[in-house]
Asks: 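Below you'll find the structure I mean.
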There are 2 protein chains.
Amino acid sequence: MNFVNLFKSLGDETRLRLLNLFLQSGKKICVCEMVDALQLPQYQVSRHLTILRNLDLVKTTRQGTWIYYEANWEASECVRDLFEIIKKHFKNKYSDDIKNLNARLELRNGDYCVIGYSMFERKNK
Amino acid sequence: MNFVNLFKSLGDETRLRLLNLFLQSGKKICVCEMVDALQLPQYQVSRHLTILRNLDLVKTTRQGTWIYYEANWEASECVRDLFEIIKKHFKNKYSDDIKNLNARLELRNGDYCVIGYSMFERKNK
DNA sequence: CTCCTATATGCGTATATGCAAATATATGCA
DNA sequence: TGCATATATTTGCATATACGCATATAGGAG
């Protein structure tokens, strides 16, 4: 594992916010839910997720069209130590993201996302 | 403390190597000693040290013309946690730097650097 | 197969970042 | 004061990185 690239990947606010979602919630989250949580365009969320996945910081599960992301706790010990740090020190940071995420998770059917992008957006307008 | 800038500062090999020197040795080290340890030009070492100091990751002591740098363990808890991670996971990384540092520290008079740049360079030619 | 939706990815551009060389600042000493 | 040395900073340039837009891919439903 390349430590420089590892820290570099954490040196971006969007990626920290994404990781924070996984680490604070402990859940698998799909892209459209992250879009609503962070209030960022889909292509931006997707691109940063790709960077995190290339470094094995997150792993994915496909469920039909939806792709769920989660923190990869099977990564190296160093990564896991960093996860703990973020989890610990970001408790009260980016709390709006967590609030938005929870509001969005309410719309799930059981453990799965059933609405796409449009409905939540309309709900807030 | 801005976490993004904190991680960004760690996302550079030169800065990681500098921090590693402080964390593995536990010593105060002056710029010319770091130049010999990392085998990098003086302006590069100096510039990266400035970045680390602006984030309070390192602190300095002036001793005449020489300026000694060390890890700042009075920084925030998050920084200290990160220091521990680097210390732990970099034990066997950049070991040449540590070897060079130790060779250079041999030339100290007690706890202080007494030679400048030229002598060590000549020694290795 | 066709259409719809969730996700990913080229591409161009603006900004950020690192390097090299030269120069500036600061301290000690004669 | 003037000189030598240790350290810092400025400038120009090359490269990397993030963003926005548009489009491509992939899976599900009919």
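Order of the sequence lines sets the chain letters (A, B, ...), proteins ahead of strands, with each chain counted from 1.
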Asks: Please tell me which of the listed nucleotides, C:dT27, D:dA8, D:dT7, lies nearest to the side chain of B:T65?
Replies: C:dT27
Asks: Verify, without hydrogens or angle tests, whether B:R53 (side chain) and B:D56 (backbone) share a donor-acceptor contact under 3.5 angstrom.
Replies: no
Asks: Reckon B:R15 has a side-chain N or O less than 4.0 Å from the OP1 or OP2 of C:dG18?
Replies: yes
Asks: Taking only side-chain nitrogens and oxygens of B:Q44, does any of them come within less than 4.0 Å of OP1 or OP2 of C:dG18?
Replies: no
Asks: Can A:E33 and A:Y68 be said to form a side-chain hydrogen bond (donor to acceptor under 3.5 Å, both in side chains), step by step?
Replies: CA-CA 10 Å; A:E33 290 168 335; A:Y68 292 86; 5.5 Å; no
Asks: Ignoring hydrogens and angles, does a donor from either the side chain of A:Q42 or the base of C:dA8 sit under 3.5 Å from an acceptor on the other?
Replies: yes
Asks: In terms of the angle between their ring planes, are A:H89 and B:F3 parallel, tilted or perpendicular, with boundaries placed at 30° and 60°?
Replies: tilted
Asks: Does A:R47 get its side chain close enough to the base of D:dG20, under 3.5 Å, for a donor-acceptor pair?
Replies: yes
Asks: Send over the distance from A:R62 CZ to D:dG28 P, rounded to a whole Å.
Replies: 8 Å
Asks: Round to a whole Å and report the spacing from CD1 of A:I29 to C1' of C:dT7.
Replies: 16 Å
Asks: Check the distance between D:dA16's P and B:E13's CD and give it to me in whole angstrom.
Replies: 15 Å
Asks: Phosphate oxygens OP1/OP2 of D:dA8: is one of them under 4.0 Å from a side-chain N or O of B:S46?
Replies: yes
Asks: Output yes when at least one side-chain N/O atom of A:T50 is less than 4.0 Å from OP1 or OP2 of C:dT9, else no.
Replies: yes
Asks: What integer distance in Å separates B:I51:CD1 from C:dA16:P?
Replies: 14 Å
Asks: Ignoring backbone atoms, test whether B:H48 places a side-chain nitrogen or oxygen under 4.0 Å from the OP1 or OP2 oxygen of C:dT17.
Replies: no
Asks: Please work out whether the ring planes of B:F83 and B:W73 are parallel, tilted or perpendicular, with thresholds of 30° and 60°.
Replies: perpendicular
Asks: Both distances under 3.5 Å, Watson-Crick or G-U wobble: on that basis, could you give the dot-bracket string for DNA chain C, with [ ] for crossing pairs and | for other-strand partners?
Replies: ||||||||||||||||||||||||||||||
Asks: Could you tell me the separation between the CD atom of B:Q63 and the C1' atom of C:dT27, rounded to a whole number of Å?
Replies: 12 Å
Asks: Starting at CG of A:N54 and ending at C1' of C:dA8, how long is that distance when rounded to a whole Å?
Replies: 12 Å
Asks: With a 4.0 Å limit, can you tell me whether A:Y43 has a side-chain N or O closer than that to the phosphate oxygens OP1/OP2 of D:dG20?
Replies: yes
Asks: What is the nucleic acid contact for A:Y68, judged by heavy atoms within less than 4.0 Å: base, sugar-phosphate only, or nothing?
Replies: nothing
Asks: Checking the side chain of B:N100 only, and the main-chain atoms of B:A37 only, is there a donor and an acceptor separated by less than 3.5 Å?
Replies: yes
Asks: In this structure, how many angstroms lie between the P atom of D:dG28 and the CD1 atom of A:I67, rounded?
Replies: 11 Å
Asks: Among B:D96, B:D97, B:D12, which residue satisfies the side chain to side chain donor-acceptor pair (under 3.5 Å) criterion with B:R17?
Replies: B:D97
Asks: When the distance from OH of A:Y117 to P of C:dT5 is rounded to whole Å, what number comes out?
Replies: 12 Å
Asks: Between A:Y94 and A:Q24, do the side chains contain an N or O donor and an N or O acceptor separated by less than 3.5 Å?
Replies: no
Asks: Output the distance between atom NZ (B:K87) and atom CG (B:L82), rounded to the nearest 0.5 Å.
Replies: 14.0 Å
